Amino acid sequence: MTIKSANNLQELAWLFGCTAKQLGYYLYKRSLSSQYKRFEIKKKRGGVRVIHAPQSNIKLIQQSIRRELDKLKLFKPCVNGYVRNRNIITNARPHVGQRFVLNIDLEDFFGAINYGRVYGLLSKPPFKLSKPVAAAIAKACTLDNKLPQGAPSSPIISNLVCSKLDSELSRLAKAHGCSYTRYADDLTFSSSGSMSLATRVQQPDGTSVCNISPTLSDIIESNGFRINQAKVRLAQRQHRQEVTGLIVNKRINVKRRYVREVRAMLHAWQKFGLAAAQKDFNALYSGSSDFEAAVRGKIGFIGHVRGRPDKVFKKFATQFNALAKGPKIRTELTPEEIVLQAVWVVEHDSDQGTAFFLEGYGLVTCAHCVGSGPIVIYHPADHTKKFSVALSNKNVHKDLAILDFPSALSEIIPIPLSKTSVPPKGASVHLFGYPAHHAARPVRVEAGTIIRSFPKSAVTYLEITPKIIGGNSGGPVVNETFAAVGVAVLGLNGEIDLKSTEFLAVSVDEFKGMPTSKIV
């Protein structure tokens, strides 16, 4: 049984693992307000945020609702808050390196969603839950006729209610050449060209205000939300551009103030000791939080945003590990993280491919990815830093090339070579690369298997199931342990039908006899 097939309170209760009597008691007999604990949290910019934390029984019901509703909907890519495997980083990524970034905050987001909206949403298409079930869910998920901030069901309910808003704003953004994402009540639009969804107007007193286009305002208001005018911001690339607390001007980054704060905390700990640092920390934040845990969390966040290979993260983590008595921060990369930091974009003659650092050989790619003019490489983690590289050696017959690279890249950890030179048929593989790449897009990873391996003109090829698309050439094919087994060389070129296409990689064994990269 699913929540869509449940017709009454008895069947809904069975789905939740309780009796109809228990469910009815907590929803309709016992006062809902008595089942919450109310407390306040101070906001960074002043004011307080009121939290209503549900007690155990109503919380269990809300968790069951969240679980069942989560099965009904796959959210659009623009939705990044409260969705599995999406976060503030995925929310910020589409806006990196744009000319304009527009931030809009929705006022009283959860409070704008009442019982009627939840009931109407669930009882009508596409969900069409039975009226008793929709009514019970709306009752369980609202308090004082609004979504309570603190209830586990509020996030998914808010995303479901915003589905129409997201569709309309996505279409509007596309029509105006913009990218759009939403993280809860934070809406972000960005454009590499002009920004026609908002204008900055100079005031007589020298200040400026941001005016939202009537079309954009109408869409938001017609969906039952209000814009918080005090938090509307339009930033050009010469100013700080921020998306859900992250800086996006050149790459996804934390604020400088955040880095300085961590540096100061480590300095205080090292110079004055943990007890003194803890005392000052408590006085500053009027609380009794664990100073060591707070530092660990902040450094971990830097590593999450900037990546574990980041020098600032490594420096802070090393300092922390030398001071900490509790759990240490992991600084070594996982096998998958090694691949992610080793795979780069390669450009030449206005064309683009993929290159990667390979154990024992250095920087490698396909021969057809290097052209005849200047060659540059960069990593989407910081696409503004482009490095000139030089062709060291290429073998057109094998379609392989080795590139010399600058010393600034000598710390890149290469992908290890597979101990099994030619993987067997059916072996699991992953293809990494940058098909049809543009700045700041993450690496594309596609899982698949080896169809066969075969020799042709004295070259060992691997036919794989992952699709090799233009721009993916030169990318690594790795096995289950993320060791390299091949280099993507042939796939879709726009001339052959997908069903007739063979996706081929050259075995890494074919690098034998070729000279290794030099650091120049």
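These figures come from a predicted structure and were not determined experimentally. Computed from heavy atoms alone, side chains included, the values below leave out hydrogens, waters and symmetry copies.
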(message) Does V445 form a side chain to side chain contact (heavy atoms under 4.5 Å, CB included) with V443? I'd like the steps, not just the answer.
(response) CA-CA 6 Å; V445 185; V443 67; 4.0 Å; yes

(message) Walk me through whether E336 and F482 qualify under side chain to side chain contact (heavy atoms under 4.5 Å, CB included).
(response) CA-CA 6 Å; E336 184 176 8; F482 295 95; 3.8 Å; yes

(request) Evaluate the side chain to side chain contact (heavy atoms under 4.5 Å, CB included) criterion for residues Q241 and H95: first the C-alpha distance (whole Å), next the side-chain angles of each, then the deciding distance (0.1 Å), finally the verdict. (result) CA-CA 9 Å; Q241 296 173 324; H95 310 294; over 6 Å; no

(message) Run the side chain to side chain contact (heavy atoms under 4.5 Å, CB included) test on I377 and E347 for me, step by step, so that the C-alpha distance in whole Å, both residues' side-chain angles and the decisive distance to 0.1 Å come before the verdict.
(response) CA-CA 6 Å; I377 64 167; E347 290 182 343; over 6 Å; no

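With salt bridges taken as basic N to acidic carboxylate O contacts below 4.0 Å, one links R84 and D70. Checked for salt-bridge contact, R240 and E242 meet the test: a charged N lies under 4.0 Å from a carboxylate O. Of the charged side-chain nitrogens involved, none lies within less than 4.0 Å of a carboxylate oxygen, so that R308 and E332 do not count as a salt-bridged pair. Note on E337 versus R330: salt bridge recorded, some NZ/NE/NH1/NH2 to OD/OE distance being below 4.0 Å. Between D166 and K76, none of the side-chain N atoms (NZ, or NE/NH1/NH2) sits under 4.0 Å from a carboxylate O, so this pair counts as no salt bridge. With respect to the salt-bridge test (charged N to carboxylate O, under 4.0 angstrom), the residues E168 and K164 qualify. Using a cutoff of 4.0 Å between basic side-chain nitrogens and carboxylate oxygens, K325 and E292 are not scored as salt-bridged.
A side-chain donor from one of H368 and S473 sits under 3.5 Å from a side-chain acceptor of the other. With 3.5 Å as the limit, one finds no donor-acceptor pair spanning the side chains of H397 and S457. H176 and S196 form a side-chain donor-acceptor contact under 3.5 Å, judged by distance and modelled atom types alone. Inspection of the Y461 and E502 side chains reveals no N or O donor paired with an N or O acceptor under 3.5 Å. Side chains of R86 and N91: no donor on one and acceptor on the other come within 3.5 Å. In this model, a donor atom of one side chain and an acceptor atom of the other lie less than 3.5 Å apart for T90 and N80.
Checked against the 6.0 Å centroid criterion, the rings of W344 and Y434 do not qualify as a close aromatic pair. Close placement of the F357 and F405 rings is indicated, their centers lying within 6.0 Å of each other. In summary, the aromatic rings of F100 and F189 are positioned with their centroids too far apart to meet the 6.0 Å limit.
Shown here for R99 and S194, the closest heavy-atom pair between the two residues is NH1-N, 4.4 Å. Taking each heavy atom of I247 and V254 in turn, the nearest pair found is CG1-O, 4.0 Å.
Within the 4.5 Å cutoff, the side chain of V485 has no heavy atoms near those of the V478 side chain. Put simply, the side chain of M195 reaches to within 4.5 Å of the side chain of C178, judged on heavy atoms. Taking 4.5 Å as the limit, some side-chain heavy atom of L187 sits within range of a side-chain heavy atom of L169. The side-chain heavy atoms of P327 and R296, taken from C-beta on, include a pair separated by under 4.5 Å. The shortest distance between side-chain heavy atoms of D105 and D186 falls below 4.5 Å.
For the atom pair SG (C162) and CD1 (I220), the distance works out to 10.5 Å, reported to the nearest 0.5 Å. Summarising the geometry, atom CD belonging to E359 is positioned 10.5 Å from atom OG belonging to S418; distances are rounded to the nearest 0.5 Å. Atoms CG and OG, on D404 and S392 in that order, are 4.0 Å from each other to the nearest 0.5 Å. Rounding to the nearest 0.5 Å gives a distance of 10.0 Å between CZ of R182 and OG of S170.
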